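Heads up, the thing below is written out as structure tokens.
Computed from a prediction, not measured in an experiment: that's the story for all the values here. We count ligands from 1, going down the list as the structure has it; atoms in each ligand are counted the same way.
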Amino acid sequence: MTATKVSSWNEWDPLRHVIVGRADGCHIPPPEPALDAKVPEDSDMRGQWGMRPQETIDRANELLDNFAGLLRKRGVTVDRPTPIDFSEPVQTPDFSTGSQFGCMPPRDVLLTVGNEILEATMSYRCRWFEYLCYRPLLQRYFDEDPAFRHETAPKPRLTDADYRPDYLSEKIGVEKRLEWTAEKFFVTTEEEPLFDAADVLRFGRDLVVQHGFTTNLKGIEWLRRHFPDHRVHAVNFPGDPYPIHIDATFTPIRPGLILNNPQRKLPQDQREMFERNGWEIVDAAQPAHNAPPPLCYSSVWLSMNVLVLDPKTVCVEASETWQMEQLDRLGQEVIPVELRDAYAFGGGLHCCTADVRREGTCEDYFPVQ
Ligand code: GLY
């Protein structure tokens with residue numbers, strides 16, 4: 001077994017080492033401001049909380065284990081987190097909430113940039129301690145890789161001042177939500193820096209960060225100061241009534257090619273950097289499903305939440321026939337991976353992974369700024 005080396009600069013270079021999440025003990029957390037703003041108004045999750053049914057946990061773990069096995073067979077080193085007891089309440093001097101969430105989506109918590117893994121601030125109270133699930137791995141990487149930088153962003157206080165009371169109503173209506181999100185009037189305020197790692201896409205020297213419910217402008221500014229050798233770009237996607245996490249909206253596939261959710265198009269002024277440098281942004285194929293699976297936070301657009309294994313190869317959820325066909329037409333080798341029954345635990349194939357190592361170095365893909 002080769003010693004750990006942490007290094008990953010983008011979303012597509014050949015993947016050599018990855019973390020795949022687990023569904024153990026996953027909870028539907030009790031209501032709290034930022035989470036309530038994200039759960040769709042007609043969702044079956046409204047009013048429910050507590051541990052998810054054990055048979056659904058077992059099924060999700062079966063799929064995650066299979067995915068880990070598939071990656072290992074392809075020569076990728078796979079590590080898994082250590083779940084904590086998510087039934088434990090979270091209590092700080094500033095807030096308390098009745099339970100935690102889970103550790104299926106490491107992508108939300110861990111941002112790998114070069115030889116650094118940065119623990120995000122997170123923006124939900126129920127996810128405040130989730131980084132603990134990854135500490136055994138990060139401590140091991142620290143011991144094994146003398147160049148590894150283990151960083152953590154300032155823990156946020158997450159008082160009520162972090163959240164806009166306008167979003168507390170359960171009956172805002174999708175039209176109003178679309179108006180608000182187009183105006184960048186999101187549930188999180190600018191009280192303190194907030195970001196989830198899954199709002200960040202890595203393009204070598206450039207980091208593209210979604211401003212939305214889980215990442216505010218101060219969070220993006222914090223990232224800008226933290227990564228002074230990078231160019232950090234704030235983007236937003238009008239058309240998404242529940243904008244969290246960029247990876248069901250904007251998906252780089254290989255240098256020069258990005259899929260964009262056709263209902264959440266990148267505004268023209270924000271496309272210019274890509275267009276000036278010869279990148280193509282194509283509308284993603286329609287999802288295969290009309291509705292998400294039961295008790296799921298995410299939308300049907302997890303269809304485009306793919307994991308790129310190298311610039312020619314991509315893992316796509318096995319039921320997403322149109323997304324697979326499109327990527328095949330675009331010249332990729334497509335590997336179908338069954339994961340839909342794990343979506344409810346925190347997302348798709350990109351969400352349930354976090355990079356430790358990809359080959360390659362830090363390139364400048366956008367020399368014309
Ligand atoms: N942002 C995740 C989704 O579309 O569900």
Output field: ring centroids W180/Y167 closer than 6.0 Å | yes

Within a distance under 4.0 Å of any heavy atom of S298, pick out the atoms of ligand 1 and give their elements.
-> 5 (O)

Counting only N and O atoms by type, is there a donor-acceptor contact under 3.5 Å from the side chain of H17 to the main-chain atoms of L15?
-> no

Which protein heavy atom lies closest to atom 3 (C) of ligand 1, and at what distance to 0.1 Å?
-> S299 OG, 3.4 Å

Is it true that the NZ or CZ of R205 lies under 6.0 Å from the centre of F366's six-membered ring and within 45 degrees of the ring axis?
-> no

For ligand 1, which part of A248 has a heavy atom less than 4.0 Å away: the side chain, the backbone, both, or neither?
-> side chain

Ligand 1 atoms in contact with H245 (distance to a heavy atom under 4.0 Å) | 1 (N)

In ligand 1, which numbered atoms sit nearer than 4.0 Å to a non-hydrogen atom of I244?
-> 1 (N), 2 (C)

Is ligand 1 under 4.0 Å from a heavy atom in the side chain of R264, in the backbone, in both, or in neither?
-> side chain

Between F86 and F101, does the ring centroid distance fall short of 6.0 Å?
-> no

Just checking, is any N or O donor in the side chain of Q369 or R276 under 3.5 Å from an acceptor N or O on the other one?
-> no

